[in-house]
Colleague: 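Can you read through this structure? Questions will come right after.
Computed from heavy atoms alone, side chains included, the values below leave out hydrogens, waters and symmetry copies. To find a chain, count down the sequence lines: A is the first, B the second, and so on, and within it residues start at 1.
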Amino acid sequence: MLLRFGFVAMSVLLENCSPSRAVTFKAYSSLRERDPGAALDKVRQTARENLLNTLRLIRHSAANNVRVYRFSSKIIPLATHPELSGWDYIGELKETLGEIGQFVRDRGMRVSFHPDHYTLINTPREEVLEASIRDFAHHCRLLEAMGLDARAKLVTHVGGGYGDREKSLQQFLQNWERLPRLITDRITLENDDRTFTARDVLYLAEKLGLPVVLDLHHHLCHRDGGSSLEEITPRFLNTWRDTELSPKIHTSSPRGEKDRRSHHDYVDPDHLYPFLKLAREYGQDLDVMVEAKKKDQAMFRLVKDLCGFPGIKKIDEANLEFS
DNA sequence: ACCTGTCAAGTCTGG
DNA sequence: CCAGACTTGACAGGT
């Protein structure tokens, strides 16, 4: 089986290449008072730089055989802020967006977004749901402007527990009906590290026909009594059956004994290998997203470290064969 | 050049 | 019921 490795948003190997430079609303507002024309220009300029850096990042990826990449969700500053609702960033940036998409298609890369934790499907608050729909739609429009079909996914969590997990799972199903096709076609669900376990996520995903991204570190931090990787793995793999995509996992290692939930600089291959052995029984190719502080450097190191393990054969610096 | 407090957004905890 | 923590990269304002 083929194992393809990828990384999240930024590189520690490329200098001055952030795809996430921000303009805070505070900075935008104070600049607008002093010089009304300059404020939006600053946001525009930052968005353009973030896209150009994204282009550098995917070129760097491709040059090093990396085929799995997650875009930064902060790529367009203040994109969905109500006070900038008239700003047509897609229209302004469509050329660069198109260039990114074309590169991704030409190189057969798999890309995704992970909208951040303010964006919640299962919220009981109407205004939060509306803001979340706007945010998901924003990410979908970017992918569309890149010319990428529904294989380019949005990864998200179930949401909050709101004091009653069972009720909150049902709220997810209820709110799901409110999401447009544009969004639901791209959603994949990930287990989190404090509220909804892999088993919870599989319950929703199997009901709604969604693919599941299995986060091994979250599973270690938070799993229900009886749920083992042996139980979860075949169900997880199955959720990808009709998607033309390989099942995807997230991998990371705990920062320390005290803060087990935070990410370490690097990934310990011993934290990943047992799962790979388990998944090998099913003969499925896998995409592995490395979530570590040292980003692409951590990913390259993990691939190198795994080369010493039984059954693993190196294809190149970002891809392995496991038999 | 480096350090510290702050930042759009939501939820949870604990006082 | 409200303030602060949570998490993260990066800004802004200080030295």
Side-chain angles (χ1 to χ4, degrees), chain A residues 7-34 38-40 42-43 45-47 49-50 53-54 57 70-87 89 113-139 154-165 167-169 171-172 175 190 192-196 215 217-218 221-222 250 252-256 258-265 289-298:
Chain A
F7 66 100
V8 176
M10 54 181 275
S11 167
V12 300
L13 304 172
L14 297 181
E15 306 255 298
N16 297 318
C17 197
S18 170
S20 314
R21 292 207 36 213
V23 181
T24 62
F25 184 65
K26 197 175 173 162
Y28 169 82
S29 303
S30 81
L31 184 53
R32 193 174 50 178
E33 267 175 37
R34 282 173 286 142
L40 189 55
K42 184 186 163 104
V43 181
Q45 181 59 25
T46 305
E49 283 169 12
N50 285 346
N53 282 340
T54 297
L57 282 155
R70 182 197 299 167
F71 293 124
S72 165
S73 268
K74 299 187 171 72
I75 206 159
I76 310 288
L78 303 174
T80 59
H81 195 286
E83 292 209 26
L84 287 89
S85 59
W87 176 34
Y89 51 90
F113 274 116
H114 195 331
D116 56 26
H117 62 284
Y118 304 110
T119 302
L120 298 152
I121 294 178
N122 79 336
T123 177
R125 293 169 54 198
E126 178 61 26
E127 68 275 23
V128 175
L129 179 59
E130 283 170 13
S132 298
I133 291 174
R134 275 199 302 278
D135 191 58
F136 282 127
H138 150 68
H139 287 97
L154 310 187
V155 181
T156 191
H157 297 287
V158 178
Y162 309 101
D164 184 341
R165 284 175 359 104
K167 198 170 146 198
S168 300
L169 282 173
Q171 184 72 248
F172 185 100
N175 291 0
E190 179 192 346
D192 67 73
D193 55 2
R194 51 191 341 160
T195 314
F196 296 106
D215 189 307
H217 180 205
H218 290 166
C221 295
H222 181 55
H250 290 172
S252 48
S253 291
R255 180 138 205 86
K258 284 242 159 60
D259 43 353
R260 294 195 56 77
R261 291 177 36 244
S262 331
H263 293 161
H264 193 92
D265 284 357
M289 182 59 86
V290 174
E291 294 186 332
K293 286 217 175 284
K294 296 288 186 188
K295 307 291 177 179
D296 52 342
Q297 191 172 47

Colleague: In whole angstrom, what separates A:Asn16's CG from C:dA10's P?
Modeller: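 After rounding, the reported distance stands at 11 Å.
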Colleague: Tell me what A:Arg261 touches on the nucleic acid: a base, only sugar-phosphate, or nothing, going by heavy atoms under 4.0 Å.
Modeller: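 Touches sugar-phosphate only.
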Colleague: When the distance from NE2 of A:His263 to P of C:dT8 is rounded to whole Å, what number comes out?
Modeller: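 So the two atoms are 7 Å apart, to the nearest Å.
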Colleague: Do you know the tightest heavy-atom contact between A:Lys293 and A:Val12?
Modeller: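 Scanning both residues, the minimum pair turns out to be O-CG1, 4.2 Å.
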Colleague: Starting at atom CZ of A:Arg34, determine the distance to atom C1' of C:dA12, rounded to an integer number of angstrom.
Modeller: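 Rounded to whole Å, this separation is 11 Å.
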Colleague: Can you find a side-chain donor-acceptor pair between A:Ser252 and A:His217 that sits under 3.5 Å?
Modeller: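 There is such a pair (donor and acceptor under 3.5 Å, judged by atom type) between the side chains of A:Ser252 and A:His217.
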Colleague: Please tabulate the protein-to-nucleotide N/O contacts below 3.5 Å involving nucleotides 11-15 of chain B, giving atom names and distances.
Modeller:
from, atom 1, to, atom 2, distance (Å)
B:dT11, OP1, A:Thr123, OG1, 3.1
B:dT11, OP1, A:Tyr162, OH, 2.5
B:dT11, OP2, A:Arg125, NH1, 2.9
B:dC12, OP1, A:Gly161, N, 2.6
B:dC12, OP1, A:Tyr162, N, 2.9
B:dC12, OP2, A:Tyr162, N, 3.4

Colleague: Output all residues satisfying salt bridge (Lys or Arg N to Asp or Glu O under 4.0 Å) with A:Glu130, sequence neighbours left out; order by chain, then residue number.
Modeller: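 Testing A:Glu130 for salt bridge (Lys or Arg N to Asp or Glu O under 4.0 Å), a comparison that skips the adjacent residues, returns none.
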Colleague: Between A:His138 and A:Tyr89, is the gap from one ring center to the other below 6.0 Å?
Modeller: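 Judged by ring-centre distance (under 6.0 Å), A:His138 and A:Tyr89 do meet the cut-off.
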Colleague: Rounded to the nearest angstrom, tell me the gap between atom NE2 in A:His114 and atom P in C:dG9.
Modeller: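 Distance, rounded to whole Å: 14 Å.
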Colleague: Please report the shortest heavy-atom distance between A:Tyr118 and A:Ser132, naming the atom on each side.
Modeller: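 Nearest heavy atoms, A:Tyr118 then A:Ser132: O-OG, 3.9 Å.
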Colleague: Out of curiosity, A:Asp192 CG to A:Arg261 CZ, how far, rounded to the nearest 0.5 Å?
Modeller: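 Answer rounded to 0.5 Å: 9.0 Å.
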Colleague: How far apart are the closest heavy atoms of A:Leu169 and A:Val158, and which atoms are they?
Modeller: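 Closest pair (atom of A:Leu169, atom of A:Val158, distance): CD2-CG1, 4.3 Å.
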Colleague: Which residues pass the side-chain hydrogen bond (donor to acceptor under 3.5 Å, both in side chains) test with A:Thr46, not counting sequence neighbours?
Modeller: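 By the side-chain hydrogen bond (donor to acceptor under 3.5 Å, both in side chains) rule, A:Thr46 matches no residue at all.
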Colleague: Who pairs with A:Thr80 by side-chain hydrogen bond (donor to acceptor under 3.5 Å, both in side chains), at least two apart in sequence or on another chain?
Modeller: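 Here no residue qualifies.
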Colleague: Say you pick atom P in C:dA10 and the same atom in B:dG10; how far apart are they, in whole Å?
Modeller: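 Comparing P positions in C:dA10 and B:dG10 gives a spacing of 23 Å.
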Colleague: Nearest-Å distance, CG (A:Leu129) to C1' (B:dA9)?
Modeller: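 Roughly 14 Å, once rounded to whole Å.
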Colleague: Give me each pair satisfying salt bridge (charged side-chain N to carboxylate O under 4.0 Å, His left out) with a member in residues 116-129 of chain A, each pair once, sequence neighbours excluded.
Modeller: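 Of all non-adjacent pairs touching residues 116-129 of chain A, those that pass salt bridge (charged side-chain N to carboxylate O under 4.0 Å, His left out) are A:Lys74-A:Asp116, A:Arg125-A:Glu127, A:Glu126-A:Arg178.
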Colleague: To the nearest angstrom, how far is A:Lys74 atom NZ from C:dC11 atom P?
Modeller: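 Interatomic distance, NZ of A:Lys74 to P of C:dC11: 12 Å.
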Colleague: What nucleotide, of C:dT8, B:dG10, C:dC11, holds the atom closest to the side chain of A:Lys293?
Modeller: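 Nearest to the side-chain atoms of A:Lys293, counting from C-beta on, is C:dT8.
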Colleague: Residues in salt bridge (Lys or Arg N to Asp or Glu O under 4.0 Å) with A:Glu190, at least two apart?
Modeller: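 Listed in chain order: nothing, the list is empty.
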Colleague: For DNA chain C, what is the dot-bracket line, given that a base pair needs Watson-Crick (N1 to N3, plus N6-O4 or O6-N4) or G-U wobble (N1-O2 and O6-N3) geometry with both distances under 3.5 Å, and | means paired with another strand?
Modeller: ||||||..|||||||
Colleague: Categorize A:Ser18 for me: base, sugar-phosphate, or nothing, with a 4.0 angstrom heavy-atom threshold over every strand shown.
Modeller: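 Sugar-phosphate contact only - A:Ser18 comes under 4.0 Å of backbone atoms but never of a base.
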Colleague: Quick one, give me the B/S/- string for nucleotides 3-8 of chain B, reading 5' to 3', where B means a protein heavy atom under 4.0 Å from the base and S means that only happens at the primed atoms, P, OP1 or OP2.
Modeller: ----SB
Colleague: Between C:dA12 and B:dA8, how far apart are the P atoms? Round to whole Å, please.
Modeller: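 My reading of the P atoms in B:dA8 and C:dA12 gives 10 Å.
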Colleague: Could you work out the separation of B:dC3 and C:dT7 based on their P atoms and round it to a whole Å?
Modeller: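 Straight-line distance between the two P atoms is 23 Å.
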Colleague: Considering only atom P, compute the distance from C:dA3 to B:dT6 and round it to an integer number of Å.
Modeller: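 It works out to 15 Å between them.
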Colleague: Got a list of protein N/O to nucleotides 13-15 of chain C N/O distances below 3.5 Å?
Modeller:
none

Colleague: Output every pair passing salt bridge (charged side-chain N to carboxylate O under 4.0 Å, His left out) with a member in residues 10-22 of chain A, not counting sequence neighbours, ordered by first then second residue.
Modeller: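 Only A:Arg21-A:Glu49 qualify under salt bridge (charged side-chain N to carboxylate O under 4.0 Å, His left out).
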Colleague: Nearest whole Å is fine: how far is C:dA12 C1' from A:Arg21 CZ?
Modeller: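 That distance rounds to 12 Å.
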Colleague: With sequence neighbours excluded, what pairs up with A:Arg255 under the salt bridge (Lys or Arg N to Asp or Glu O under 4.0 Å) test?
Modeller: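 Salt bridge (Lys or Arg N to Asp or Glu O under 4.0 Å) list for A:Arg255, sorted by chain: A:Asp265.
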Colleague: Under the side-chain hydrogen bond (donor to acceptor under 3.5 Å, both in side chains) rule, collect the residues that match up with A:Asp135, sequence neighbours excluded.
Modeller: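 With neighbours one apart ignored, the set is A:Thr119.
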Colleague: Which atom names give the shortest non-hydrogen contact between A:Asn122 and A:Tyr162, and what distance separates them?
Modeller: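 Minimum heavy-atom separation between A:Asn122 and A:Tyr162: OD1-CE1, 3.4 Å.
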Colleague: In this structure, how many angstroms lie between the C1' atom of B:dA9 and the OH atom of A:Tyr28, rounded?
Modeller: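 The answer, rounded to whole Å, is 17 Å.
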